[in-house]
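Data block below; observations after.
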Amino acid sequence: MESLLLMVAMIAVFYFLIIRPENKRKKQAEQMRSSLKKGDRVTTIGGMVGKIVQVNDSTIVFETSEDRVRIEVTKWAVQSTGAMEQAAAQKNGKKADKAEEKAEEKAEETPAVEEKTETVEAAPAAEEKPSYDPEIK
């Protein structure tokens with residue numbers, strides 16, 4: 001009875017920690033790929049960045065530079081869009097701002113301490129240790 005209860009608990013833990021979050025990520029990625037439109041900036045899983053110029057049912061065509069180099073890839077090859085990258089940058093920016101505020105508060109709280117400089121005499125040269133490799137003498 002205890003082993004059955006333990007197995008059910010393990011399955012529940014795996015579901016809530018592994019399976020459910022992965023399904024959420026897949027659903028979010030599919031929604032992002034289905035909402036692609038002309039003019040969006042995208043990054044592919046291969047690292048290519050460009051601006052979408054045409055959207056088909058299963059593929060997109062994007063320009064990678066001002067030279068009008070056009071590349072056609074399947075929608076599943078899109079890793080992120082410019083909107084996602086901006087949202088992530090804003091989220092990371094807020095975290096960085098909070099960290100800077102905490103650092104400033106901490107700096108204001110601690111009094112300035114004068115640093116004393118001491119002269120350190122040169123240490124005697126370290127003795128050469130013998131090598132254990134027979135080829136090196």
Can you tell me how far the CD1 atom of I71 sits from the OG1 atom of T59, to the nearest 0.5 Å? 13.0 Å
With the side chain counted from C-beta on, respond yes when V42 and V49 share a heavy-atom pair under 4.5 Å apart, and no when they do not. no
CE (M10) and OG (S3) are apart, to the nearest 0.5 Å, by 12.5 Å
I want to check something: taking the side chain as every heavy atom from C-beta on, are T44 and F62 in contact at a cut-off of under 4.5 Å? yes
Nearest 0.5 Å, please: how far is NZ in K38 from CD1 in I60? 13.5 Å
Answer with yes or no whether the hydrophobic clustering places I11 together with V13; edges join I, L, V, M, F, W, Y residues whose side-chain heavy atoms lie under 4.5 Å apart. no
Whether E63 and R68 form a salt bridge (side-chain N of Lys/Arg under 4.0 Å from carboxylate O of Asp/Glu) is what I want to check. yes
Roughly how far apart are E2 CD and M7 CE, rounded to 0.5 Å? 14.5 Å
Applying side-chain hydrogen bond (donor to acceptor under 3.5 Å, both in side chains), can you list everything that pairs with Q31, at least two apart in sequence or on another chain? none
Run the salt bridge (charged side-chain N to carboxylate O under 4.0 Å, His left out) test against K27 and tell me which residues pass, sequence neighbours left out. none
Any donor and acceptor pair, going by atom type alone, linking the side chain of R41 with main-chain N or O of T81 inside 3.5 Å? no
Return the minimal non-hydrogen interatomic distance between P21 and I18, and the atom names on each side. CD-O, 3.6 Å
Output for pair (Q79 CD, R33 CZ), nearest 0.5 Å, gives 8.5 Å
Close side-chain approach of S80 and T43, heavy atoms under 4.5 Å: yes
Quick one: side-chain hydrogen bond (donor to acceptor under 3.5 Å, both in side chains) pairs with a partner in residues 13-23, sequence neighbours left out? E22-R25
Applying the 4.5 Å side-chain criterion to the ILVMFWY set and letting contacts propagate, would V55 and M32 be lumped into a single cluster? yes
Contact check, side chains of I52 and V61, non-hydrogen atoms, under 4.5 Å: no
Taking C-beta and beyond as the side chain, do E72 and N56 meet within less than 4.5 Å on heavy atoms? yes
In this structure, OG of S34 is separated from CG of D57 (nearest 0.5 Å) by 12.0 Å
